[in-house]
Amino acid sequence: MKKQIETNKHNKKKTVPEGELIFGLHSIIELLKAGRRKLIAIYTTRPTPKGWEQIERVLPKYPINIQYVERDVLHRMAQTTDHQGVVAWAKSFIFRRKQFEPAKHPFLVLIDGVQDSRNLGAIIRSAYCTKTDGVIICKKASAPLNAAALKASAGLAEHIDIYEASSAQSAAQELLAAGYKLYLATFDGESALTCAYQMPLCIVIGGEALGITKSLLSLGTHITLPQRTPDISYNASVAAGILLFLAGVKLSRLS
């Protein structure tokens, strides 16, 4: 499939392969290292930015259009200055087509209602680092897996299976039907330090403001991180990283 873009200079329509914009050194490097999808074009500056040689080392044999532009052009393309001097056009992210299987993927995380793309990416980064088998994100009321999220994941989203469910409710029901045990991060649960985690399991992380979807609260075991006072809370991505690490250690997945 192709899509049309307008060129300002000649006011003519030009076709480019369908895909998505990404930015940041690690987003591009890990996409190339993973090899799951193709990079079509890279936009950077002259002189090249710090770390450019890391990209050059992993450039594939297939042709990539490399264009040198002014830094202001990169700002406009990425709609942020946080691009590290490299913006790229890539084939669309490849999501897992079907729900996970307990025998093959016994350790999952479900991200429910996280609104900040950077938090979403940071959770995915922690999931990869803690040997989580897969990540479930939701189309409804959640941040998209966009360029900002991919950069926040340090590109590690390219190396882990991600399933996009229609909603947290549907994802939870599918997981329970498949035999997973749900562990929900809340303020009123048993200590995450002493919980006897049982696989196959899925840790559920709620959104920054509203937490876990109310209809999910009766579907699993509530776990809580100790903190200084009850009127504060961890950032969602920080809490997710700690919980995934604790569960991974207790289940002897990390050493």
Side-chain angles (χ1 to χ4, degrees), residues 99-116 118-138 142 152-154 156-157 159-163 165 167-255:
Q99 187 55 278
F100 295 98
E101 303 170 52
K104 297 179 180 178
H105 316 99
F107 186 31
L108 304 177
V109 60
L110 166 59
I111 305 172
D112 171 21
V114 166
Q115 300 295 308
D116 189 321
R118 292 167 298 180
N119 277 337
L120 175 65
I123 295 171
I124 294 171
R125 180 176 184 173
S126 292
Y128 180 81
C129 290
T130 54
K131 298 185 180 180
T132 304
D133 295 310
V135 176
I136 302 167
I137 65 174
C138 304
S142 295
S153 80
L156 297 178
H159 297 279
I160 191 168
D161 283 343
I162 301 176
Y163 176 72
S167 68
Q169 178 68 35
S170 65
Q173 294 294 349
E174 288 176 351
L175 290 167
L176 290 171
Y180 285 94
K181 298 180 184 300
L182 303 185
Y183 292 89
L184 301 95
T186 67
F187 292 110
D188 60 354
E190 62 179 281
S191 173
L193 300 176
T194 57
C195 177
Y197 299 98
Q198 297 179 49
M199 290 196 295
L201 67 81
C202 179
I203 292 178
V204 183
I205 305 296
E208 298 91 342
L210 301 177
I212 291 172
T213 301
K214 288 184 178 180
S215 60
L216 270 62
L217 294 175
S218 62
L219 301 181
T221 300
H222 291 210
I223 52 174
T224 300
L225 285 172
Q227 57 189 33
R228 177 171 287 190
T229 61
D231 58 329
I232 58 173
S233 65
Y234 295 93
N235 169 276
S237 62
V238 172
I242 297 171
L243 289 169
L244 290 170
F245 174 79
L246 289 174
V249 169
K250 289 184 74 68
L251 294 166
S252 300
R253 293 175 63 89
L254 299 171
S255 58

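Note that the CD1 atom of I223 and the OG1 atom of T194 stand 10.5 Å from one another [nearest 0.5 Å]. The distance from atom CD of Q115 to atom CG of L120, rounded to the nearest 0.5 Å, is 10.5 Å. Atoms CD1 and OG1, on I124 and T132 in that order, are 11.0 Å from each other to the nearest 0.5 Å. Note that the OG atom of S233 and the CD atom of Q227 stand 6.5 Å from one another [nearest 0.5 Å]. For the atom pair CG of L254 and OG1 of T130, the computed distance is 6.5 Å after rounding to the nearest 0.5 Å. Here the straight-line distance linking atom SG of C129 with atom CG of L156 works out to 5.5 Å at 0.5 Å rounding.
Taking each heavy atom of K131 and F107 in turn, the nearest pair found is O-CD2, 3.9 Å. For T224 against G189, the heavy-atom pair with the smallest separation is OG1-N, 2.7 Å. Shown here for Y128 and H159, the closest heavy-atom pair between the two residues is CE1-CB, 3.5 Å. In terms of heavy-atom proximity, V114 sits nearest to G206 at CG2-O, 3.7 Å. Pairing each heavy atom of V135 with each of I111, the nearest pair is CG1-CD1, 3.7 Å. Of all the heavy atoms in A127 and V109, the pair that sits closest is CB-CG1, 4.2 Å.
The closest side-chain heavy-atom distance from L182 to L201 is not below 4.5 Å. Taking the side chain as every heavy atom from C-beta outward, I203 and L110 never approach each other to under 4.5 Å. The shortest distance between side-chain heavy atoms of Y180 and P102 falls below 4.5 Å. The shortest side-chain heavy-atom distance between T221 and L184 does not fall under the 4.5 Å cut-off. Proximity of P226 to L193: side-chain heavy atoms (C-beta onward) are separated by under 4.5 Å at one or more points.
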Begin from the C-alpha positions of S191 and L225 and carry the test side chain to side chain contact (heavy atoms under 4.5 Å, CB included) through to its verdict. CA-CA 6 Å; S191 173; L225 285 172; over 6 Å; no
Going through the distances and angles, do I123 and I205 end up as a side chain to side chain contact (heavy atoms under 4.5 Å, CB included)? CA-CA 9 Å; I123 295 171; I205 305 296; 4.2 Å; yes
Run the numbers on L251 and V249 for side chain to side chain contact (heavy atoms under 4.5 Å, CB included), then give the verdict. CA-CA 5 Å; L251 294 166; V249 169; over 6 Å; no
Output, in order, the C-alpha distance, side-chain angles, deciding distance and verdict of side chain to side chain contact (heavy atoms under 4.5 Å, CB included) for L108 and L175. CA-CA 10 Å; L108 304 177; L175 290 167; 3.7 Å; yes
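With hydrogens and angles ignored, the 3.5 Å screen pairs no side-chain donor or acceptor of S153 with any backbone N or O of G121.
For T229, the side chain to side chain contact (heavy atoms under 4.5 Å, CB included) partners two or more places apart in sequence, or in a different chain, are D231, I232. With sequence neighbours excluded, the residues forming a side chain to side chain contact (heavy atoms under 4.5 Å, CB included) with T213 are D112, A168, S215, L216, listed by chain and number. Evaluation of the side chain to side chain contact (heavy atoms under 4.5 Å, CB included) rule for Y163 yields R96, Q99, F100, I136, A165, E174 as partners, not counting sequence neighbours.
Counting only residues at least two apart or in different chains, salt bridge (Lys or Arg N to Asp or Glu O under 4.0 Å) contacts with residues 236-255 comprise D133-R253. Applying the side-chain hydrogen bond (donor to acceptor under 3.5 Å, both in side chains) definition to pairs two or more places apart or across chains, those involving residues 118-127 are D116-R118, N119-E208, N119-N235, N119-S237. The ring pair (Phe, Tyr, Trp, His ring centres under 6.0 Å) pairs that include a residue from residues 187-245 are Y183-Y197, where partners are two or more places apart or lie in different chains.
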